[in-house]
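Before any comments, here is the structure.
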Amino acid sequence: MVEFLIRKCAQIARYVPGKSVEEVKRRYGLKKVIKLASNENPYGPSPRAVEAFRSYSDLHIYPDPEYRELREKIAEYTGWSYDRIVVAAGVDGILETLFRLLVDEGDEIVIPTPTFPYYHILTRLHCGREVLVKRSDDGYRVDESIFDAISGKTKLVIICSPNNPTGNVESAKLVRELAESTGGVVFLDEAYVEFADRSIDVDADNVIVARTFSKAFGLANLRIGYALLPEWLVELFKAASTPFPISTPAERAAIAALEDIEWMFGCVEKIRAERERIYRELQRFVEVNPSQANFLFFKSPIENLAEELMKRGVIVRDCSNFVGCDRHIRVSIGKPEENDMFLDALKEVLG
Ligand code: PMP
């Protein structure tokens with residue numbers, strides 16, 4: 001019955017979300033549990049963003065469908081052209097609209113692995129064909145082999161920089177050469193760019209750059225993403241998008257967050273310092289990949305590390321079901337005391 005109802009391409013494995021803090025407390029009878037699994041900003045958003053969100057009360061009125069004020073602020077922050085900026089419910093929303101607009105059955109989507117799982121899910125849902133490219137053995141770079149994966153059927157090439165879950169960045173040269181090599185579109189996901197030493201600045205007619213307020217700005221719950229599109233795509237994107245992807249309280253919060261940019265920079269500084277500290281500590285136990293994001297990625301020497309850490313009150317991301325991973329773990333950088341709790345638990349299990 002259910003199989004008859006569900007589209008052929010939508011009959012995909014169900015997403016298994018990680019365990020919540022409450023669930024882990026209950027299951028292991030723990031008083032204190034921390035979650036370092038979703039790459040959130042542990043300091044939260046600017047208090048001014050929270051205040052802007054709270055003080056909006058015209059909830060019976062639809063948002064401004066053009067999101068003018070927010071797009072103007074994003075243009076100021078990024079230096080991008082206002083007319084080419086679109087917003088959506090997170091980078092997830094940007095991706096959903098793009099897939100809806102661009103991907104037909106059998107179209108090829110080039111995906112270097114391991115990477116953010118939602119790219120795989122969207123490709124399958126749209127009956128696209130995944131062309132998986134293995135990253136390099138030295139630091140998970142996207143190497144030259146990606147050019148062999150490009151064909152006349154390539155619709156999208158997805159480059160995530162810094163990459164989730166590996167944390168490394170790619171080069172502008174790679175993105176430029178990919179854009180020149182494909183008749184499709186290069187999608188550059190810079191969800192974690194604020195934590196990196198560099199962003200990728202390539203302006204070509206077939207490159208899209210997407211970013212978010214979910215990570216460095218600490219507004220994951222409000223679902224605010226944005227992208228720089230080539231000019232020819234802007235109106236098509238708006239037509240294919242859900243009409244009001246962001247609520248006005250969320251828009252106001254994002255604007256306030258951009259007006260208090262020092263808060264975000266302050267969080268990033270603390271998180272980067274902790275990232276380097278945890279990186280050095282982790283190196284004593286495991287081979288850990290240098291990271292330009294707010295998380296670290298390593299291969300566990302034992303089978304069930306994520307569960308062992310959970311028993312000790314630390315939830316990390318078990319990446320064993322990511323395409324191209326096996327016993328890999330991704331841990332988000334939290335506050336210093338949370339990171340210490342993670343390190344103590346790790347030492348107890350592996351030490
Ligand atoms: N891209 C990457 C690489 C991510 O890791 C995530 C979130 N985990 C997203 C996009 C989605 O972000 P958003 O909250 O903006 O939808």
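Remember, it's 1-based here, ligands and their atoms both numbered in the order they're listed. From a predicted model like this one, the values you see are computed outputs, not experimental measurements.
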Margin query: Between Tyr192 and Phe295 (judged by ring centroids, cut-off 6.0 Å), do the two rings come close enough to count as a pair?
Written below: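 When the ring centroids of Tyr192 and Phe295 are compared, they turn out to be within the sub-6.0 Å range.
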Check: Would you call Asp92 and Arg223 a salt bridge, taking side-chain N to carboxylate O under 4.0 Å as the test?
Finding: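 A salt bridge links Asp92 with Arg223.
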Note to self: Could you work out, with side-chain contact (heavy atoms from CB on, under 4.5 Å) as the rule, every residue matching Asp138, not counting sequence neighbours?
What the structure shows: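 Partners of Asp138 under the side-chain contact (heavy atoms from CB on, under 4.5 Å) test: Ser136, Arg141.
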Would you be so kind as to tabulate the donor-acceptor pairs closer than 3.5 Å made by side chains of residues 98-111, with sequence neighbours excluded?
from	atom 1	to	atom 2	distance (Å)
Arg100	NH1	Ala240	O	2.7
Asp107	OD2	Asp104	N	2.8
Asp107	OD2	Lys155	NZ	2.7
Glu108	OE1	Ser151	OG	2.8
Glu108	OE2	Arg129	NE	3.4
Glu108	OE2	Arg129	NH2	3.1

Check: What residues join Leu30 in its hydrophobic cluster, counting side-chain heavy atom gaps under 4.5 Å, either direct or through other members?
Finding: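 Listed partners: Val21, Val24, Tyr28, Val33, Met310, Ile315.
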Check: Is it the case that Tyr140 and Asn289 place a side-chain donor and acceptor less than 3.5 Å from each other?
Finding: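 Their side chains do not contain a donor-acceptor pair, so the 3.5 Å distance test is not met.
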Note to self: Can you work out which protein residues put a heavy atom within less than 4.0 Å of ligand 1?
What the structure shows: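 Within the 4.0 Å shell of ligand 1, which is judged on heavy atoms, sit Gly90, Val91, Asp92, Phe116, Tyr119, Cys160, Asn164, Asp189, Ala191, Tyr192, Thr212, Ser214, Lys215, Arg223.
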